[in-house]
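When a residue number appears, it is its place in the shown sequence, counting from 1. Keep in mind that this is a model prediction, so the values were computed, not measured.
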Amino acid sequence: MAPLSNLADQVRAWRAAAPGFVERQAKNLGHLRYGWGHEKQVSFVFGCQRSGTKMLMRILDESPAVRIYHENHATAFHDFQLRSDRTVRLLARTSPAPSPIFKPICDSQRADQILASFPEAHGLWTYRHYDDVANSACQKWGAHQREIVSDVIAGDAAKWGWRTERLPEDVVAAIRRVARPDLSDFEGALLFWYMRNAFFFALGLDAHPRMLLTRYEDLVTEPEAAFERVYRHVGAPLDHRFLGRVHSEGVRRREPPPASPEIRALCADLLARLDACNDRARATEHGRTPVAEPALVSPVLILINTLGVGGAERYVVTVANWLAARGVKVVVASEAGSLVPDLAANVTFVDAPLYRVRADLLSVADTVGALIDAHQPAAIVANSLAVTWVARAALLRRPAIPIIAIGHGWPDDRYRLVGPLMRAADTVVAVSPEVRAKLVAGGLAPARCVVIYNGVDCRGLGVRPGPVRAATRAALGVGPDDVLVITLGRLTPQKAHQHVITIAEQLKAGHPNLKYAIVGEGGRAEELAGLVASHGVGDCVLLPGVRSDVGDLLGSADIYLSCSDWEGMPLSTIEAMASELPTVATRTEGSGQLLTDACGIVVPVGDAAAMAAAIARLAADAPLRVLMGQAARERALASFSHDRMVGELATVMAGVVDSLGNT
């Protein structure tokens with residue numbers, strides 16, 4: 001009886017498989033029309049399991065010019081790994097299809113070797129958001145990937161074969177740094193995603209001329225454009241009717257289970273690198289200059305009134321160090337301040353009397369003129385209206401040098417004055433669309449003003465591990481169960497720090513575990529200390545002054561608050577986002593570009609009650625803080641990095657230099 005039952009099961013299985021088998025054989029016969037005398041484009045598909053490669057192969061298989069070899073194809077693969085080079089060449093040569101495509105997903109750790117063995121072949125590396133991949137992996141394999149990662153951490157990885165083959169030491173070290181003894185299945189799957197996708201950079205595939213990186217989310221949300229790239233890369237024509245079976249339901253289908261912030265930060269960093277690489281490639285294909293390789297001009301003279309604490313000052317340090325690291329001769333001139341030590345050793349700093357220039361513009365112009373004569377800059381970057389005019393005055397009796405002025409933002413009532421005066425610059429770079437719009441409304445010609453969003457160096461920013469977090473909070477007098485709200489910035493009227501004290505007073509009774517830290521120095525320090533005392537919130541509002549451990553402070557806090565009356569695009573908010581903090585911010589210039597509903601709460605300027613309500617909501621919902629913080633970090637890394645910002649600025653500088661040289 002049992003054999004008859006088994007036979008019946010086999011018959012049902014054959015019937016179910018028959019349509020696919022017949023369809024496959026019909027397609028194989030259809031390849032015969034191409035013959036064997038033509039050139040073929042062999043391609044290989046790599047990546048991490050559960051990243052959408054099956055969907056990719058299914059859509060490629062729609063083309064009559066493509067012959068697909070999945071990892072379960074018995075002739076091309078053994079135990080999911082590619083057979084010998086001789087076998088692969090024989091299969092490609094004997095198939096009449098113009099585009100044979102193999103999917104050695106389990107050989108991704110040796111993608112560089114495969115491409116070296118097949119000098120004419122092309123490679124595709126497909127990646128997908130780590131949450132979706134880990135969710136899918138846990139559903140299919142349960143604890144399997146956690147077990148693999150645990151053995152990698154323990155140094156017992158050899159038994160897992162291809163899954164742990166060729167693992168770079170720095171990747172293993174990174175996994176060990178964030179791992180913990182009680183890894184969940186989901187955390188194990190996240191680290192497996194990291195382990196596999198890290199090969200893309202470890203093997204140098206980001207610079208390989210025959211490798212195409214493609215993002216699953218692009219394939220399913222922008223299929224026409226994304227599959228156009230893929231089909232072109234594998235040498236097959238795209239018929240858009242092939243895309244009828246593409247659906248986007250798999251994007252963030254399920255909420256991810258909890259995972260440690262350190263593991264999520266590690267994955268977010270790698271995802272941001274993959275996204276940046278993918279975006280650069282797409283920009284190049286569309287004829288735009290990739291941010292990663294901007295044209296550079298040298299030398300560059302950067303002017304700012306002072307290098308004390310402030311967003312514009314940190315902007316200067318970031319730009320100077322980035323350019324100098326790429327061989328540009330950089331001279332920074334300003335009055336000395338606390339940020340001078342942050343300049344790289346190969347940046348030349350000149351202590352110049354630029355703090356108050358209006359009283360003696362001509363004398364200061366002579367000083368800057370002497371700097372121009374000494375250093376012969378190809379471009380001048382001016383970081384205030386005052387130093388823009390100093391530079392223009394210094395050039396009155398000298399050959400033309402382009403001046404690029406940075407519009408960091410002003411109070412609303414000053415744009416009417418600033419707009420016309422900014423004509424002293426050859427080009428104005430506004431740090432947000434709102435700043436540009438207000439400058440143009442004030443009288444600046446639209447053609448002379450471009451927008452480059454601010455960015456920060458996100459390296460070193462992120463959630464701090466337990467001991468660092470505990471020590472940093474304890475030094476402030478903040479307990480492990482307290483919710484710490486932090487704000488950074490100069491203690492000036494613009495930053496409106498009095499709202500923090502109002503919020504603390506309003507929420508003290510209902511949220512006794514809320515603590516607030518106003519970090520910075522400035523003219524309002526004594527005034528704010530008096531307000532803290534008079535409002536009776538000295539036990540929960542802290543004024544630690546200026547600090548050198550900003551990364552640890554942000555990485556040990558729970559909520560970031562930006563309560564300014566006006567901004568350009570606040571660097572401190574980007575730093576908070578990169579530190580995985582949910583943000584409550586007033587609707588100043590730049591906040592609309594920085595924050596989405598997924599990573600922050602934006603409230604009206606000056607509305608302390610709305611700020612208090614937003615903070616109370618986040619204080620009462622720890623899971624929401626985690627989700628918003630993760631989204632904030634991903635957004636900061638993907639869109640507001642210093643590489644992107646200074647790369648775009650360098651491109652603008654080169655364009656202005658070329659334009660001036662051709663006039």
Side-chain angles (χ1 to χ4, degrees), residues 17 19-28 30-31 40-83 87-88 91-92 95-108 111 114-115 118 121-128 132-133 136-137 140 162 196-197 200 205 210-251 278:
F21 175 79
V22 172
E23 183 180 345
R24 168 63 57 198
Q25 299 313 308
K27 183 179 182 184
N28 290 342
H31 288 152
K40 297 179 184 179
Q41 178 57 69
V42 177
S43 299
F44 298 95
V45 174
F46 305 104
C48 177
Q49 289 77 1
R50 318 309 293 172
S51 292
T53 52
K54 183 181 290 186
M55 181 277 297
L56 171 66
M57 298 292 276
R58 186 178 69 240
I59 301 303
L60 287 171
D61 200 22
E62 294 285 330
S63 170
V66 170
R67 174 69 164 97
I68 292 294
Y69 297 91
H70 286 283
E71 68 269 41
N72 57 0
H73 190 287
T75 307
F77 293 85
H78 172 68
D79 195 21
F80 304 110
Q81 289 191 273
L82 205 60
R83 290 187 182 272
T87 299
V88 173
L91 287 171
S95 171
S99 299
I101 303 177
F102 298 82
K103 183 186 157 188
I105 196 80
C106 298
D107 294 285
S108 296
I114 292 172
L115 291 177
F118 294 85
H122 286 179
L124 290 93
W125 189 287
T126 303
Y127 73 101
R128 183 182 184 186
D132 287 339
V133 172
S136 179
K140 184 174 180 64
W162 63 263
R196 296 300 287 170
N197 280 295
F200 183 76
L205 302 177
R210 291 182 281 122
M211 177 63 76
L212 176 71
L213 180 65
T214 184
R215 180 167 45 205
Y216 170 82
E217 288 80 4
D218 293 340
L219 293 172
V220 297
T221 61
E222 307 171 27
E224 289 81 6
F227 273 102
E228 183 71 45
R229 297 175 70 223
V230 170
Y231 265 85
R232 185 168 59 247
H233 192 67
V234 302
L238 171 64
D239 184 329
H240 288 274
R241 289 175 296 181
F242 300 163
L243 308 178
R245 297 168 67 187
V246 176
H247 303 288
S248 60
E249 289 86 350
V251 177
N278 180 58

> Is it true that a side-chain atom of S43 and a backbone atom of I101 form a donor plus acceptor pair closer than 3.5 Å?
Replying inline: no
>> Rounded at 0.5 Å granularity, tell me how far NZ in K40 sits from OG in S99.
In response: 10.0 Å
>> Donor-acceptor check, side chain of D107 to backbone of L82, threshold 3.5 angstrom: yes or no?
In response: yes
>> If you define the side chain from C-beta out and look only at heavy atoms, does anything of M55 sit under 4.5 Å from Y216?
In response: yes
> Between P237 and Y231, what is the shortest heavy-atom contact and its length?
Replying inline: O-CD2, 3.4 Å
>> So does E217 get a backbone contact from the side chain of T221, meaning a donor-acceptor N/O pair under 3.5 Å?
In response: yes
> Backbone N or O of A121 within a donor-acceptor pair of the R210 side chain at under 3.5 Å?
Replying inline: yes
>> Measuring from atom CG of D218 to atom CZ of R229, what distance do you get when rounded to the nearest 0.5 angstrom?
In response: 7.5 Å
> Between atom CG of L238 and atom NE2 of H240, what is the distance when rounded to the nearest 0.5 Å?
Replying inline: 4.5 Å
>> Just so I know, are the side chains of L60 and R58 near enough to count as touching, which here means a heavy-atom distance under 4.5 Å?
In response: no
>> Less than 4.5 Å apart, side chain to side chain, heavy atoms only: is that true for Q41 and P98?
In response: no
> Is a donor on one side and an acceptor on the other found under 3.5 Å between the side chain of R83 and the backbone of T75?
Replying inline: yes
> Within the distance-only criterion (no hydrogens, no angle test), does the side chain of S63 pair as donor or acceptor with the backbone N or O of A65 below 3.5 angstrom?
Replying inline: yes
>> Is there a side-chain contact between N72 and F77 in this structure, where contact means two heavy atoms from C-beta onward sitting under 4.5 Å apart?
In response: no
> Heavy-atom distance under 4.5 Å between the side chains of L213 and Y127, does that happen here?
Replying inline: yes
>> Please evaluate residues T214 and W125 with respect to the criterion side chain to side chain contact (heavy atoms under 4.5 Å, CB included), reporting the C-alpha separation (whole Å), side-chain torsions for both, the decisive distance (0.1 Å), and the verdict.
In response: CA-CA 6 Å; T214 184; W125 189 287; over 6 Å; no
> Side chains of F46 and I105: does their closest heavy-atom pair fall under 4.5 Å?
Replying inline: no
>> If you define the side chain from C-beta out and look only at heavy atoms, does anything of M211 sit under 4.5 Å from F200?
In response: yes
> What distance separates L56 CG from L219 CG, expressed to the nearest 0.5 Å?
Replying inline: 6.0 Å
> What distance separates K54 NZ from D61 CG, expressed to the nearest 0.5 Å?
Replying inline: 13.0 Å
>> With a 3.5 Å distance limit and no angle check, can you tell me whether H233 reaches the backbone of E228 through a side-chain donor-acceptor pair?
In response: no
>> If we ignore hydrogens and angles and just use 3.5 Å, is the side chain of K103 paired with the main-chain N or O of F44 as donor and acceptor?
In response: no
>> Determine whether H122 and V234 satisfy the following criterion, side chain to side chain contact (heavy atoms under 4.5 Å, CB included), listing intermediate values before the conclusion.
In response: CA-CA 7 Å; H122 286 179; V234 302; 6.0 Å; no
>> Apply ring-ring contact (aromatic ring centres under 6.0 Å, His included) to residues H73 and Y69 and explain how you reach the verdict.
In response: CA-CA 6 Å; H73 190 287; Y69 297 91; 5.1 Å; yes
>> Does either side chain, that of W162 or that of D79, offer a donor lying less than 3.5 Å from an acceptor on the other one?
In response: no
> Do the non-hydrogen side-chain atoms of Q49 and R196 ever get within less than 4.5 Å of each other?
Replying inline: yes
>> Could you report the tightest heavy-atom contact between T126 and S51, atom names first, then the distance?
In response: CG2-O, 3.6 Å
> Which heavy atom of C48 sits nearest a heavy atom of V133, and at what distance?
Replying inline: SG-CG1, 4.3 Å
> Is there a donor in the side chain of R50 and an acceptor in the side chain of S136, or the other way round, less than 3.5 Å apart?
Replying inline: yes
> CZ of F102 to CE of M57: how many Å apart, nearest 0.5 Å?
Replying inline: 9.5 Å
